[in-house]
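Everything below concerns the one structure shown next.
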Amino acid sequence: MSDLLHISGGPTKPEVIAISLSKMDLKDGITFYDVGCGTGAVSIEASKIARGLKVVAIDAREKAIDVARQNFRNFGVEDVTLISGESSESIDQNAEIGTIDCAFVGGTKNISKVLDVLYKKKARKIVVNAVRIETVVSVMNKMKELGIFSEVIHVTITRGYELTGETMFKPENPVYIVVGKLQNE
Ligand SMILES: C[S@@+](CC[C@H](N)C(=O)[O-])C[C@H]1O[C@@H](n2cnc3c(N)ncnc32)[C@H](O)[C@@H]1O
């Protein structure tokens, strides 16, 4: 198996991906949006959970799209549409977008507009990762305004590493996971 190609800002830590995806109830054949996909690591893990996942991966950085494309090829993610652009505009303008079952939002620029557009497209489950407290508060407030706020989780990971033949632990930056779902979910 190839190593995942990295890019600045990514990949999302595997433990954070695991918790985020556990909130989505992924099932075979559903449509999964990776908003601010970076390396594509989240879509790759989601594809391991649900066979036949239809992935739509969006990033505003051309470099991220190139890296994600290579990672998808290397990890055998086949049913994937890559979109280069600002996600609030790309999702809104893409007339072909049908159902959005689950959306993972790892890139929070213009987050209020992104949430508006995901709500407009009736995304059933939305999971946002954020690291800045101001972003967390605005995501929570926006989800409450839309009537979709479900829960917020603060995740800290402390990873062991070897030091002089023994084991020390080093904390990584905390991540907040904000979950939104449509009322009937
Ligand atoms: C923290 S990185 C995402 C990491 C990714 N989940 C991974 O595992 O590699 C955030 C990414 O979101 C993108 N991004 C942020 N806001 C965006 C937006 N509104 N539309 C499209 N891409 C966005 C950035 O270009 C960046 O590549």
Side-chain angles (χ1 to χ4, degrees), residues 1-24 26 31-50 53 55-77 80-94 97 100 102-121 123 125-139 142-143 146 153-157 159 172-180:
M1 181 65 80
S2 326
D3 287 335
L4 188 83
L5 298 175
H6 288 207
I7 190 173
S8 62
T12 300
K13 298 285 180 290
E15 296 82 0
V16 174
I17 296 179
I19 297 172
S20 297
L21 295 182
S22 77
K23 302 293 174 187
M24 287 188 166
L26 295 174
T31 305
F32 177 84
Y33 270 65
D34 191 348
V35 180
C37 65
T39 60
V42 178
S43 294
I44 290 168
E45 291 309 310
S47 299
K48 290 180 191 166
I49 296 172
L53 200 69
V55 174
V56 179
I58 308 170
D59 205 292
R61 286 190 292 171
E62 198 61 52
K63 174 77 184 155
I65 293 295
D66 289 345
V67 167
R69 183 178 291 111
Q70 287 183 66
N71 281 329
F72 291 145
R73 194 178 305 130
N74 293 344
F75 285 83
V77 180
V80 52
T81 304
L82 276 154
I83 300 175
S84 174
E86 161 57 43
S87 50
S88 55
E89 293 164 10
S90 312
I91 298 170
D92 208 21
Q93 285 161 7
N94 194 336
I97 289 176
I100 301 178
C102 297
F104 173 84
V105 184
T108 52
K109 197 170 166 212
N110 298 323
I111 187 62
S112 200
K113 282 190 189 162
V114 171
L115 290 172
D116 271 334
V117 132
L118 288 171
Y119 179 74
K120 190 171 140 193
K121 298 281 181 184
K125 297 230 168 91
I126 303 170
V127 174
V128 180
N129 278 188
V131 290
R132 278 168 288 166
I133 193 67
E134 290 83 358
T135 311
V136 178
V137 172
S138 59
V139 170
K142 186 70 196 180
M143 285 187 175
L146 295 170
I153 301 155
H154 176 249
V155 181
T156 50
I157 293 159
R159 203 175 294 284
E172 297 189 355
N173 286 338
V175 178
Y176 295 82
I177 299 173
V178 194
V179 182

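Numbers for residues simply follow the sequence, beginning at 1. Worth saying up front: this structure is predicted, and the values here are computed from it rather than measured. Note that ligands are numbered from 1 as they come in the structure, with each ligand's atoms numbered from 1 the same way.
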Residues passing the ring pair (Phe, Tyr, Trp, His ring centres under 6.0 Å) test with Tyr176, sequence neighbours excluded, are His154
- Can you sort out the partners of Ile7 under side chain to side chain contact (heavy atoms under 4.5 Å, CB included), two or more places apart, ordered by chain and number?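 Only Thr39, Arg61, Lys63, Ala64, Val67 meet the side chain to side chain contact (heavy atoms under 4.5 Å, CB included) criterion with Ile7.
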* State which residues pass side chain to side chain contact (heavy atoms under 4.5 Å, CB included) with Arg159; sequence neighbours excluded, sorted by chain then number. =>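 Testing Arg159 for side chain to side chain contact (heavy atoms under 4.5 Å, CB included), a comparison that skips the adjacent residues, returns Lys13, Glu15, Ile157, Glu172.
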Exercise. Does Gly38 offer a backbone N or O that forms a donor-acceptor pair with the side chain of Asp59 under 3.5 Å?
Worked result: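 Such a contact is found between Asp59 side chain and Gly38 backbone.
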Does ligand 1 have any N/O pairs with the protein under 3.5 Å, and how far apart?
residue: ligand 1; atom: 6 (N); partner: Thr12; partner atom: OG1; Å: 2.8
residue: ligand 1; atom: 8 (O); partner: Thr12; partner atom: N; Å: 2.8
residue: ligand 1; atom: 8 (O); partner: Thr12; partner atom: OG1; Å: 3.3
residue: ligand 1; atom: 8 (O); partner: Thr39; partner atom: OG1; Å: 3.4
residue: ligand 1; atom: 9 (O); partner: Thr39; partner atom: N; Å: 2.8
residue: ligand 1; atom: 9 (O); partner: Thr39; partner atom: OG1; Å: 2.6
residue: ligand 1; atom: 16 (N); partner: Lys109; partner atom: N; Å: 3.2
residue: ligand 1; atom: 19 (N); partner: Glu86; partner atom: OE1; Å: 3.0
residue: ligand 1; atom: 19 (N); partner: Glu86; partner atom: OE2; Å: 3.1
residue: ligand 1; atom: 19 (N); partner: Ser87; partner atom: OG; Å: 3.4
residue: ligand 1; atom: 19 (N); partner: Lys109; partner atom: O; Å: 2.9
residue: ligand 1; atom: 20 (N); partner: Ser87; partner atom: N; Å: 2.9
residue: ligand 1; atom: 20 (N); partner: Ser87; partner atom: OG; Å: 2.9
residue: ligand 1; atom: 22 (N); partner: Ala60; partner atom: N; Å: 3.1
residue: ligand 1; atom: 25 (O); partner: Asp59; partner atom: OD1; Å: 2.7
residue: ligand 1; atom: 25 (O); partner: Arg61; partner atom: NE; Å: 3.2
residue: ligand 1; atom: 27 (O); partner: Asp59; partner atom: OD1; Å: 3.2
residue: ligand 1; atom: 27 (O); partner: Asp59; partner atom: OD2; Å: 2.7
residue: ligand 1; atom: 27 (O); partner: Arg61; partner atom: NE; Å: 3.2
residue: ligand 1; atom: 27 (O); partner: Arg61; partner atom: NH2; Å: 2.8

### Message
How long is the straight-line distance from OH of Tyr33 back to CD1 of Ile100, given to the nearest 0.5 Å?
### Response
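These two atoms lie 4.5 Å from each other.
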In this structure, CD of Gln70 is separated from CD1 of Ile65 (nearest 0.5 Å) by 12.5 Å
